[in-house]
Amino acid sequence: MRFAFDLDHVLANAQQAAGLDDFGDLPFVEALEELLRCAKEDLEFSNNGRLAFESNLQRWLVNRLRYVNDVKINPAILNEDVSDPIVVIGMPRSGTTKMQRLLSSLPGTISLPLWMTQNPAPFPGEEPGKPVQRIEYARAIQSAQAEHNPDFLASHERKADEAEEDSDLLLFAFDYLMMYIIHPSERFLTWLRSRPRLPAYEFQKRLLQYLQWQQGGKRGRRWILKNPGHIGQMDALTQVYPKATLVHLHRDLREVLPSYCRLIQSIYQELFVSVDPRRIGRETLAYWGPEFRRQRQQRQTFAEQLNILDVSYQAAVGDSLAVVERLFEAACMPLDEQVMVAIRNWEEGNKQHKHGRPSYSMAQYGLDQQDIMDVFGTFDDGFADNLRSGYA
């Protein structure tokens, strides 16, 4: 059926695909309608981009339908305790992916692999504990990206069973700021910034409860989450996860921003008819600058509520054992020989830049040092003096 940017059409298609009709609470519909309007009027999708947009909409909605149905049948899902995750935050390209994946390999943790982030709801007929179809779905994504977008792979490897950003779960709420990253409409960003930040995090929490329930409950384990998009969201994050331990990675923005722009360019070249690197630079400043400043203010506002460890990129990349030792101490988790062995094994099997190292510069994205200073107010997140030894 021909795709239409029509709300009723999109909702009905998802209901037909799922064989279910109850979406639960409907506040997300307003955000979905705004997304459809801005995508139709402001974005020029390529053929692959249009298909990806349609597929994502249906996946987000079908999973919501299945989730709502499962909670009706099993209301104990919402009794699961997910209040104490370890959350890796920091600007993109600051070592957050490495830190999340390392921590996710350790005993006592719960990983959030790609297959979970794409489909938190079991497929029909799925046997408990055997998410074969969901893993196959994620492997198809992995294979397609390896074949058609090696530039993206060089910047950010994705595997079906490898830990991924929890932003993918937040996207299921629709009313989430990082929706702009893959739908770069300036009007949509302005609209999203007018919205409360909390509802998306509340829905993410429910999805984590749902996933934890599928795995037999908490059993003393703690989720490992990671999302650069948590920058500027300390209010929502601390309210929804009051016992969270945060590790905040810091890297010079003159290195972070062009690296991030290169990653975004590799994503956009598959989604849109034309890609302008200098526009990507402008959009990067417009999105991350206000969130970065918001984060610095929130670090002061919520200082007494935050259990947070600040770590430099150099320490995260070069001395991960010491980082984990400090983090486990902050999180009151035991650091035994089993954990130490797991760290060494992970490091040995996950060398940096094994798929090549992309090249980039500030100039190709129209960025210069004065732009960064004007928008962010710093090059180094304001922690340079404390981070010379790797920690604050």
Side-chain angles (χ1 to χ4, degrees), residues 27-28 31 34-35 60 82-97 99-100 112 117 163-184 188-209 222-251 253 256-257 260 283-311 375-378 381-383:
F28 77 92
E34 186 66 17
L35 170 61
W60 290 326
V82 296
S83 64
D84 60 350
I86 294 176
V87 187
V88 182
I89 67 171
M91 286 289 289
R93 321 305 296 160
S94 62
T96 56
T97 296
M99 185 55 57
Q100 180 201 20
L112 185 67
T117 70
E164 266 299 333
E165 288 189 8
D166 62 87
S167 60
D168 286 336
L169 294 184
L170 286 155
L171 293 174
F172 283 94
F174 290 99
D175 202 349
Y176 173 54
L177 198 65
M178 285 193 82
M179 266 289 184
Y180 166 77
I181 300 298
I182 51 175
H183 308 102
F188 190 43
L189 178 59
T190 299
W191 187 87
L192 287 169
R193 282 211 163 110
S194 73
R195 309 287 290 173
R197 311 284 179 109
L198 185 60
Y201 278 82
E202 291 175 330
F203 191 64
Q204 184 201 50
K205 173 188 173 182
R206 294 198 291 272
L207 291 179
L208 284 178
Q209 290 174 312
R222 299 175 69 166
W223 282 97
I224 303 298
L225 306 180
K226 184 271 289 193
N227 179 10
H230 292 319
I231 292 291
Q233 320 298 328
M234 294 299 97
D235 46 358
L237 195 63
T238 56
Q239 185 167 338
V240 173
Y241 305 112
K243 299 178 183 177
T245 300
L246 281 62
V247 53
H248 188 169
L249 273 63
H250 303 274
R251 188 182 186 188
L253 292 170
V256 162
L257 296 178
Y260 169 79
E283 291 170 344
T284 295
L285 296 177
Y287 179 89
W288 289 105
E291 296 310 303
F292 185 93
R293 287 181 178 271
R294 195 172 193 264
Q295 172 74 10
R296 296 182 79 189
Q297 179 60 50
Q298 289 182 340
R299 286 291 303 265
Q300 297 178 22
T301 302
F302 297 99
E304 294 184 1
Q305 298 167 245
L306 294 173
N307 182 19
I308 188 165
L309 174 67
D310 290 291
V311 179
V375 173
F376 290 84
T378 182
D381 217 359
F383 285 87

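Under the 3.5 Å distance criterion, the side-chain polar atoms of Arg294 are matched with a main-chain donor or acceptor of Gly232. Side-chain atoms of Arg93 never come within 3.5 Å of backbone atoms of Leu257 as a donor-acceptor pair (strictly under, hydrogens ignored).
By the ring-ring contact (aromatic ring centres under 6.0 Å, His included) test, Tyr176 pairs with no residue at all, sequence neighbours left out.
The nearest pair of heavy atoms linking Leu285 to Pro290 is O-CD, 3.7 Å. Nearest heavy-atom pair, Leu208 versus Tyr241, reported as atom, atom and distance to 0.1 Å: CD1-OH, 3.3 Å. Considering all non-hydrogen atoms of both residues, Gly229 and Met178 come closest at CA-SD, 3.2 Å. Across Val256 and Met91, no two heavy atoms sit closer than the pair CG1-CB, 4.0 Å. In terms of heavy-atom proximity, Phe376 sits nearest to Arg293 at C-NH2, 3.7 Å. Heavy atoms only, all atoms of each residue included: Phe174 and Met179 are closest at O-CG, 3.3 Å.
Between Glu165 and Pro228 there is a side-chain heavy-atom pair separated by less than 4.5 Å. The shortest side-chain heavy-atom distance between Val311 and His250 does not fall under the 4.5 Å cut-off. Looking only at side-chain heavy atoms (C-beta outward), Met234 and Leu246 come within less than 4.5 Å of each other. Leu112 is not listed as a side-chain neighbour of Asp168, based on a closest heavy-atom distance of 4.5 Å or more. The shortest distance between side-chain heavy atoms of Gln295 and Arg299 falls below 4.5 Å. The shortest distance between side-chain heavy atoms of Glu34 and Leu192 does not fall below 4.5 Å. The shortest side-chain heavy-atom distance between His230 and Val88 does not fall under the 4.5 Å cut-off. Residues Phe172 and Leu207 form a side-chain contact, since some pair of their non-hydrogen atoms from C-beta on lies under 4.5 Å apart.
Using a 4.0 Å cut-off between charged nitrogen and carboxylate oxygen, Arg193 and Glu291 count as a salt-bridge pair.
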Do Leu170 and Phe203 pass the side chain to side chain contact (heavy atoms under 4.5 Å, CB included) test, and can you show the C-alpha distance, the side-chain angles, and the key distance before you say yes or no? CA-CA 7 Å; Leu170 286 155; Phe203 191 64; over 6 Å; no
Show, in sequence, the C-alpha distance, side-chain angles and deciding distance for Glu202 and Val240, and conclude whether the side chain to side chain contact (heavy atoms under 4.5 Å, CB included) test is met. CA-CA 6 Å; Glu202 291 175 330; Val240 173; 4.1 Å; yes
Apply the test side chain to side chain contact (heavy atoms under 4.5 Å, CB included) to residues Ile89 and Leu249: give CA-CA distance (whole Å), side-chain angles for both, the deciding distance (0.1 Å), then the verdict. CA-CA 6 Å; Ile89 67 171; Leu249 273 63; over 6 Å; no
Carefully, step by step, assess Asp166 and Lys205 under the rule salt bridge (Lys or Arg N to Asp or Glu O under 4.0 Å). CA-CA 10 Å; Asp166 62 87; Lys205 173 188 173 182; over 6 Å; no
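When each of Phe188, Tyr180, Trp191 is checked for a side chain to side chain contact (heavy atoms under 4.5 Å, CB included) with Leu35, only Phe188 meets the rule.
For the atom pair CG of Leu253 and OG1 of Thr284, the computed distance is 12.0 Å after rounding to the nearest 0.5 Å. Taking CG of Leu225 as the reference point, atom CG of Leu169 lies at 8.0 Å (rounded to 0.5 Å). Note that CD of Glu164 is 10.5 Å distant from CG of Asn227, once rounded to the nearest 0.5 Å. Atoms CD1 and CZ, from Ile86 and Arg222 in turn, are 5.0 Å apart once rounded to the nearest 0.5 Å. In this structure, CD in Gln305 is found 10.0 Å from CG in Asp235, a value given to the nearest 0.5 Å. To the nearest 0.5 Å, atom CD of residue Gln100 and atom CD1 of residue Ile224 are 8.0 Å apart.
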